[in-house]
Number of protein chains: 2
Amino acid sequence: MAKPRSGPYICGIDAALDVVSGKWKGLILWELDTYDVRRFAELRRGLPGVSEKMLTQHLREMEQDGLVHREVYAEVPPRVEYSLTEHGRSLNAALGPLGRWGMDRIARERTELVEHRDAEILPRPS
Amino acid sequence: MAKPRSGPYICGIDAALDVVSGKWKGLILWELDTYDVRRFAELRRGLPGVSEKMLTQHLREMEQDGLVHREVYAEVPPRVEYSLTEHGRSLNAALGPLGRWGMDRIARERTELVEHRDAEILPRPS
DNA sequence: CAGAATCCATCACGATACTG
DNA sequence: CAGTATCGTGATGGATTCTG
């Protein structure tokens with residue numbers, strides 16, 4: 001089970017996307033990068049709409065991919081803390097420009113209705 | 001149809017990943033960036049294993065997302081050329097660091113059997 | 001050549017219930 | 001609290017066939 005890898009990667013983008021392809025992985029990365037350390041319930045609260053199963057699953061995969069570190073405390077009220085590994089941090093850094101691009105895209109979408117806004121591309125299909 | 005997703009994004013990463021999340025989109029981007037202009041069959045050859053359906057589907061979505069430009073020539077042997085828009089180019093630029101990260105990951109995986117792997121850059125013997 | 005259409009397999013994702 | 005187990009579903013991806 002786990003992950004049927006996409007076999008031999010053709011390029012770096014491919015390999016990287018394989019690791020972040022999951023509905024919540026981007027957000028998990030963001031959350032862990034922002035807060036440094038987070039507990040299971042905290043992450044869950046930070047990702048509105050995620051189910052425990054998906055959160056666990058994604059966390060496990062990311063742990064296996066060496067992105068996330070999982071620290072378990074053998075206490076009476078169980079406590080588990082998640083944080084990014086060096087590897088995970090470097091991924092996040094590499095994701096920086098993409099994040100900014102995404103922000104621009106969001107901004108663009110907000111003004112997409114204004115047709116005067118953009119004169120450069122706008123392919124007009126007739 | 002196309003994409004019912006794209007709810008309100010929580011962060012830029014989320015928005016960007018939504019656009020490149022597809023089995024071949026990363027490769028398509030890479031291919032179009034490398035060759036500048038590509039025909040349908042060329043793209044198909046460049047993406048070993050892709051089906052026509054998926055290629056068409058991905059291309060259409062990317063066109064709709066404003067990443068790809070589709071130029072149709074009304075000739076007897078039909079010819080369609082795909083290229084990146086400005087928007088697509090900027091995405092690719094933003095994808096650069098991620099691609100390099102992915103390359104590192106591939107390299108790392110090659111030496112993954114060495115559990116001692118640390119801050120060391122071993123030249124690949126062989 | 002560049003696709004559209006159809007059918008089919010798989011899997012990512014989710015809801016719910018149970019546990020140490 | 002932090003999971004695990006099970007089941008169900010729609011989206012995603014693929015093989016094949018047909019067309020302008």
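To find a chain, count down the sequence lines: A is the first, B the second, and so on, and within it residues start at 1. Keep in mind that the numbers below use all heavy atoms, side chains included, and drop hydrogens, waters and symmetry copies.
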Exercise for the section: Tell me what B/Pro78 touches on the nucleic acid: a base, only sugar-phosphate, or nothing, going by heavy atoms under 4.0 Å. Expected result: base
Handout entry: Sugar-phosphate, base or nothing in reach of A/Tyr82, heavy atoms under 4.0 Å
Key =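 Sugar-phosphate: the residue A/Tyr82, judged by heavy atoms under 4.0 Å, touches backbone atoms but no base.
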Handout entry: A/Met54 atom CE: more than 12 heavy-atom contacts under 6.0 Å
Key =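 Enclosed.
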Exercise for the section: Might you confirm whether atom CH2 of A/Trp101 has over 12 heavy atoms from other residues, nucleotides or ligands at distances under 6.0 Å? Expected result: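 Correct, the count exceeds 12.
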Starting at [atom1] of [X] and ending at [atom2] of [N], how long is that distance when rounded to a whole Å?
X: A/Leu55; N: D/dA5; atom1: CG; atom2: C1'; value: 17 Å
X: A/Arg60; N: D/dG3; atom1: CZ; atom2: C1'; value: 7 Å
X: B/Gln57; N: D/dT12; atom1: CD; atom2: P; value: 8 Å
X: A/Leu59; N: D/dC1; atom1: CG; atom2: C1'; value: 14 Å
X: A/Met54; N: D/dA5; atom1: CE; atom2: P; value: 16 Å
X: B/Arg70; N: C/dA2; atom1: CZ; atom2: P; value: 10 Å
X: A/Met62; N: C/dA12; atom1: CE; atom2: C1'; value: 16 Å
X: B/Glu61; N: D/dA11; atom1: CD; atom2: P; value: 13 Å

Compare the minimum distances between each of [options] and the side chain of [X], then state the nucleotide with the smallest one.
X: B/Lys23; options: C/dA2, C/dG3, D/dG13; value: D/dG13
X: A/Thr56; options: C/dG20, D/dG3, C/dG3; value: D/dG3
X: B/Lys53; options: D/dG13, D/dG20, D/dG3; value: D/dG13

Is [X] near enough to [N] that one of its side-chain N or O atoms lies under 4.0 angstrom from OP1 or OP2?
X: B/Trp24; N: D/dT12; result: no
X: B/His58; N: D/dG13; result: yes
X: A/Arg79; N: D/dG3; result: no

Practice task
Check B/Leu67, B/Thr34, B/Leu29 against B/Asn92 for a side-chain contact (heavy atoms from CB on, under 4.5 Å) and give me the one that passes.
Solution key: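 Among B/Leu67, B/Thr34, B/Leu29, the one meeting side-chain contact (heavy atoms from CB on, under 4.5 Å) with B/Asn92 is B/Leu29.
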Practice task
Using atom types as modelled and distance alone, determine if a side-chain donor or acceptor of B/Arg105 lies under 3.5 Å from a backbone N or O of A/Ala15.
Solution key: yes
Exercise for the section: Taking the side chain as every heavy atom from C-beta outward, state whether B/Leu91 and A/Leu98 have any pair of such atoms under 4.5 Å apart. Expected result: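 Yes, at least one pair of side-chain atoms sits under 4.5 Å.
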Problem - A/Gly26 to B/Leu17 - nearest heavy-atom pair and separation - result: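 So the minimum-distance heavy-atom pair works out to CA-CD1, 4.1 Å.
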Handout entry: Strand-adjacent residues in residues 32-52 of chain A, judged by heavy atoms under 4.0 Å from DNA chain D
Key = A/Arg39, A/Phe40, A/Ala41, A/Glu52
Handout entry: salt bridge (Lys or Arg N to Asp or Glu O under 4.0 Å): pairs with one or both residues in residues 86-96 of chain A, sequence neighbours excluded
Key =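 Checked against salt bridge (Lys or Arg N to Asp or Glu O under 4.0 Å) - neighbours excluded - the pairs reaching residues 86-96 of chain A are A/Asp36-A/Arg89.
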Exercise for the section: Take B/Val80 and A/Gly22, find for each the nucleotide of DNA chain C with the closest heavy atom, and name the residue whose nucleotide sits nearer the 5' end. Expected result: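 First, find each residue's nearest nucleotide; the 5'-ward one identifies B/Val80.
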